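Since the structure comes first, as structure tokens, the remarks are kept for the end.
Labels below follow one simple rule: chain letters A, B, ... track the order of the sequence lines, proteins then strands, and each chain is numbered from 1. If you're wondering where the values come from, they're calculated on a predicted model, not measured in any experiment.
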2 protein chains.
Amino acid sequence: MEKSTEQENDTLDKCLAILRKQGYKITPQRRAVLAAFGSCGRFATVQQLLEVVRRTQPDVSLDTIYRNLTLLAELGIVHEVHRPSGNAFEVVAPGHHHHHLVCTECGKTECINICPMNKLYEKEADKRGFFVTGHVFEVYGLCASCRSRLLKK
Amino acid sequence: MEKSTEQENDTLDKCLAILRKQGYKITPQRRAVLAAFGSCGRFATVQQLLEVVRRTQPDVSLDTIYRNLTLLAELGIVHEVHRPSGNAFEVVAPGHHHHHLVCTECGKTECINICPMNKLYEKEADKRGFFVTGHVFEVYGLCASCRSRLLKK
DNA sequence: TTCCTAAATAGTAATTTTCTTAATTAATAT
DNA sequence: ATATTAATTAAGAAAATTACTATTTAGGAA
């Protein structure tokens, strides 16, 4: 049985608070999905989350995982990362918004702490009457080791 | 029967040239996928492309559409747009790289002619030994009409 | 506490996307 | 032209994702 760190419980509480504030219900399934991230490393796939959640709640449906991930992503609580081996999700602590460099060969994922969604783009959106609610920015390429393995020939 | 404009043929030829230069084969199916964009408006879905391609080549498999779209996207010939009603693809003429504002309500899609993939990000990638090959940037929100319909309450 | 209601869920079905394999075919050299 | 080879393909199976419907339940009100 995994032990949950204080840090993890803290993150969980903050996420639940966001849900509550926005009027969403705190169901055992929803709580379990959030808690499951603690047992999946930084990035969790849908299948990993399903497996972990079912340890405590065997009847949870796959749809519930997807539905909750979609909601959590809309609220900015989790981020989706598109990797060659399939998609994964990570919990984003409030105020730590960031983006990713993804290696298309091995799937290695690193954070970039600069965000393109600055005034320039918001102004561009405003000009057209768009009300911005979110954005996706991901950079693809070869990580250092795949680069030297594949390109030095 | 759709007539193809000179402009379309020109675009098609340029796309084929890119494929040839990179050593990819010009199969009838591949040519048909590219040509099909001419009959699908600016944005084409996988199903629309399949339907158009099958008018001339009834045995083309769905997998072929997907496989070629993946390749064309890797080469920067087409761009994928993630919309609430499903994904769509558009042909990007060389030198006209751009990004999109997507309305999450109605799916309306507009171009933004500024790209975040500037020196700043390349430098960030370089620092970590990453070799950048591509990127995704999409902005989501509500278009002018959905905005006034939904938010003015 | 009990009741009410909209939200959320399980279970299932449908759809979309990816993978596997054997056969076909375009491009190149002969 | 013909043969060779590696890329591409069709077909079917598998995996991932989304949609549908009847039922359950969290959270607020009485």
* **Option from B:His79, B:His99, B:His100 for which ring-ring contact (aromatic ring centres under 6.0 Å, His included) with B:Phe137 holds** =>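 In the set B:His79, B:His99, B:His100, the residue that makes a ring-ring contact (aromatic ring centres under 6.0 Å, His included) with B:Phe137 is B:His99.
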Which nucleotide sits closest to the side chain of [X]: [options]?
X	options	result
B:Lys25	D:dA6, C:dT17, C:dA10	D:dA6
A:Arg30	C:dA8, D:dT17, D:dA26	C:dA8
B:Thr27	C:dT16, D:dT8, C:dA27	D:dT8
A:Asn87	D:dT17, C:dG11, D:dT9	D:dT17
B:Val60	C:dG11, C:dT9, D:dA10	D:dA10

Atom [atom1] of [X] to atom [atom2] of [N]: distance rounded to whole Å?
X	N	atom1	atom2	value
A:Ile65	D:dT18	CD1	C1'	15 Å
A:Leu69	C:dA8	CG	C1'	15 Å
A:Arg31	D:dA26	CZ	P	11 Å
A:Asp63	D:dA16	CG	P	16 Å
B:Leu19	C:dA26	CG	C1'	13 Å
B:His82	D:dT17	NE2	P	12 Å
A:Glu80	D:dT18	CD	C1'	13 Å
B:Arg67	D:dA10	CZ	C1'	9 Å

* To do: Remember a base hit wins even if backbone is also touched, and classify A:Asn68 as base, sugar-phosphate or nothing at under 4.0 Å, heavy atoms.
  =>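 It contacts sugar-phosphate atoms only.
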* Asked: Is A:Pro28 touching bases, backbone alone, or none of the nucleic acid, heavy atoms closer than 4.0 Å?
  ->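 If one applies the 4.0 Å heavy-atom cut-off, A:Pro28 turns out to touch the sugar-phosphate alone, with no base involved.
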* **Smallest separation among heavy atoms of B:Ala32 and B:Val53, with atom names** =>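 In terms of heavy atoms, the two residues are closest at O-CG2, 3.7 Å.
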* May I ask you to check whether A:His97 and A:His135 place their ring centres under 6.0 Å from each other? =>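 Ring centres of A:His97 and A:His135 closer than 6.0 Å.
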* Between B:Thr64 and B:Arg67, do the side chains contain an N or O donor and an N or O acceptor separated by less than 3.5 Å? ->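 Their side chains do contain a donor-acceptor pair, which is all the 3.5 Å distance test asks for.
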* To do: Using a cut-off of strictly less than 4.0 Å, decide whether B:Tyr66 has a side-chain nitrogen or oxygen near OP1 or OP2 of C:dT18.
  =>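 Answer is no, no contact under 4.0 Å.
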* Closest-nucleotide 5' rank along DNA chain C - winner of B:Ile26 and A:Thr64 ->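 Upstream on the strand: A:Thr64.
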* Which comes earlier along DNA chain C counting from the 5' end, the contact point of B:Leu62 or that of B:Gln29, where each point is its nearest nucleotide? ->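 Looking at DNA chain C, the more 5' nearest nucleotide goes with B:Leu62.
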* B:Glu74 vs A:Thr104 side-chain heavy atoms within contact, under 4.5 Å ->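 Side-chain contact under 4.5 Å: no.
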* Asked: When the nearest nucleotide of DNA chain D is assigned to B:Asp59 and to B:Gly23 on a heavy-atom basis, which residue is associated with the more 5' position?
  ->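 Its nucleotide being nearer the 5' end, the pick is B:Gly23.
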